[in-house]
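Notes for the one structure printed next.
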Amino acid sequence: MGSLFPLSLLLFLAAAYPGVGCALGRRIKRAQGPKGSPFAPSGTSVPFWVRMNPEFVAVPPGRSVWLNCSNSCPQPQNSSLRTRLRQGKTLRGPGWVYYQLLDVRAWSSHAHCIVTCAGKTRWATTRITAYKPPHSVILEPPVLKGRQYTLRCHVTHVFPVGYLVVTLRLGGRVIYSESLERYTHQDLANVTLTYEFPAGPRDFWQPVICHTRLNLEGLVVRNSSAPVTLMLAWSPAPTALASVSIAALVGILLAVGSVYLSKCLPMKSQA
């Protein structure tokens, strides 16, 4: 009897309240969802993300590069890469695609990975820069103008100039540094940095070096010039004073010589 009581109670409730059983059945059917589809219906959008790795890459001209495009879409409808660069191999896996770009020579370009999921399209972008380190870094010998020395550093055939930093070091310490981020032209360029400074006694006979640094957001390319020694320059005043002193010394020697000869010659003639 005890086991029949719950069943009898359910039958009684169903007979007394006929809408309860129908409502319960409807709730159960809605909770199960469409048969054979664990995801949302095709008419709704699925939230997902698209990422590119790396987001920035710098390569020497002519090199190839691999880009990874990953996404969180369960069943992507389409995945592609749009870029002006020449594409090579493509490797695919669950949630990711590797794209190869060949012979990168454009100074600045972009690659866009586009993914469509449940009717919605998202994309991510990688910026690609082809860089060229300086062909040469040359520091001219210091030139004295008045009481200041002029330093001039030449950096040739470098790109991108907007990421270049030029630094002057004297005896190991930085005396001047300049970033050329204001330069935005997309071509090879030659750069000349000129700096004037008053040198003190501790600066003489110290090496001066011009350093360059390309900061490419993760890649740093460094170059340096040959060291140049800061020589002690003589001013015109001490040079003139030295000339006068030498002339006076020569005059004294000539006078002493003439006196000596005037005394010695008569003595020899008498002998």
Side-chain angles (χ1 to χ4, degrees), residues 51-70 81-89 98-113 124-143 149-197 203 206-230:
R51 295 172 184 165
M52 288 286 283
N53 185 30
E55 296 181 350
F56 173 82
V57 60
V59 296
R63 295 286 183 88
S64 300
V65 63
W66 284 90
L67 303 178
N68 174 270
C69 177
S70 57
L81 187 74
R82 293 185 183 178
T83 180
R84 294 182 178 180
L85 301 175
R86 184 159 63 95
Q87 299 188 36
K89 298 179 181 180
Y98 267 105
Y99 296 100
Q100 184 186 32
L101 302 179
L102 303 173
D103 193 27
V104 178
R105 293 187 180 275
W107 298 126
S108 182
S109 56
H110 295 82
H112 308 279
C113 179
T125 302
T126 290
R127 184 162 58 92
I128 305 162
T129 293
Y131 73 94
K132 186 179 184 305
H135 179 266
S136 62
V137 181
I138 302 173
L139 180 63
E140 293 184 5
V143 177
Y149 281 88
T150 299
L151 301 176
R152 187 170 285 110
C153 180
H154 303 279
V155 185
T156 63
H157 292 85
V158 59
F159 181 87
V161 179
Y163 292 85
L164 182 68
V165 177
V166 182
T167 303
L168 294 173
R169 287 180 174 270
L170 173 63
R173 77 180 192 277
V174 176
I175 58 174
Y176 185 73
S177 183
E178 182 174 348
S179 173
L180 303 180
E181 57 187 0
R182 65 182 182 278
Y183 190 93
T184 57
H185 295 286
Q186 300 295 320
D187 51 8
L188 283 171
N190 299 325
V191 177
T192 298
L193 175 70
T194 302
Y195 177 65
E196 296 181 352
F197 78 104
D203 299 325
Q206 296 290 330
V208 184
I209 302 177
C210 180
H211 299 274
T212 64
R213 184 175 73 251
L214 276 174
N215 292 327
L216 301 173
E217 298 185 11
L219 175 65
V220 179
V221 182
R222 303 176 186 272
N223 291 84
S224 300
S225 69
V228 176
T229 302
L230 188 66

More than 12 non-hydrogen atoms from neighbouring residues, nucleotides or ligands closer than 6.0 Å to [atom1] on [X], yes or no?
X      : atom1 : value
Arg84  : CZ    : no
Glu55  : CD    : no
Tyr131 : OH    : yes
His135 : NE2   : no

Taking all non-hydrogen atoms of both residues into account, name the closest pair between [X] and [Y] and its distance.
X      : Y      : value
Ala58  : Leu219 : O-CD2, 4.0 Å
Tyr195 : Ile175 : OH-O, 3.4 Å
Ile128 : Ala111 : CD1-CB, 4.2 Å
Leu214 : Lys132 : CD1-O, 3.9 Å
Phe56  : Leu216 : CE2-O, 2.6 Å
Ser225 : Ile209 : O-CG2, 3.7 Å

Q: Check the pair Leu193, Val155 against side chain to side chain contact (heavy atoms under 4.5 Å, CB included), reporting the backbone distance first and the verdict last.
A: CA-CA 8 Å; Leu193 175 70; Val155 185; over 6 Å; no
When rounded to the nearest 0.5 angstrom, what distance separates [atom1] in [X] from [atom2] in [Y]?
X      : Y      : atom1 : atom2 : answer
Asn190 : His157 : CG    : NE2   : 5.5 Å
Leu164 : Tyr183 : CG    : OH    : 11.0 Å
Tyr149 : Glu196 : OH    : CD    : 13.0 Å
Leu81  : Met52  : CG    : CE    : 5.5 Å
Thr167 : Arg222 : OG1   : CZ    : 9.0 Å
Leu188 : Phe159 : CG    : CZ    : 7.5 Å

Q) Taking the side chain from Thr83 and the backbone from His110, do they hold a donor-acceptor pair closer than 3.5 Å? A) yes
Q: Without swapping roles, check the side chain of Thr126 against the backbone of Pro54 for a donor-acceptor pair under 3.5 Å.
A: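 Checking the backbone N and O of Pro54 against the side chain of Thr126, a donor-acceptor pair under 3.5 Å is found.
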How about [X] and [Y]: do any of their side-chain heavy atoms sit closer than 4.5 Å?
X      : Y      : answer
Tyr176 : Leu151 : no
Leu67  : Leu101 : yes
Arg213 : Val220 : yes

Q. Pick from Asn223, Val228, Val166: which one makes a side-chain contact (heavy atoms from CB on, under 4.5 Å) with Cys210?
A.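 The residue from Asn223, Val228, Val166 that satisfies side-chain contact (heavy atoms from CB on, under 4.5 Å) with Cys210 turns out to be Val166.
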Q | Pair Arg51-Asn53, side-chain donor/acceptor within less than 3.5 Å | A | no
Q: Any chance you could lay out the side chain to side chain contact (heavy atoms under 4.5 Å, CB included) test for Arg152 and Thr194, step after step, and finish with the verdict?
A: CA-CA 4 Å; Arg152 187 170 285 110; Thr194 302; 3.3 Å; yes
Q. With sequence neighbours left out, what residues match Gln100 under side chain to side chain contact (heavy atoms under 4.5 Å, CB included)?
A. Ser64, Trp66, Lys89, Leu102
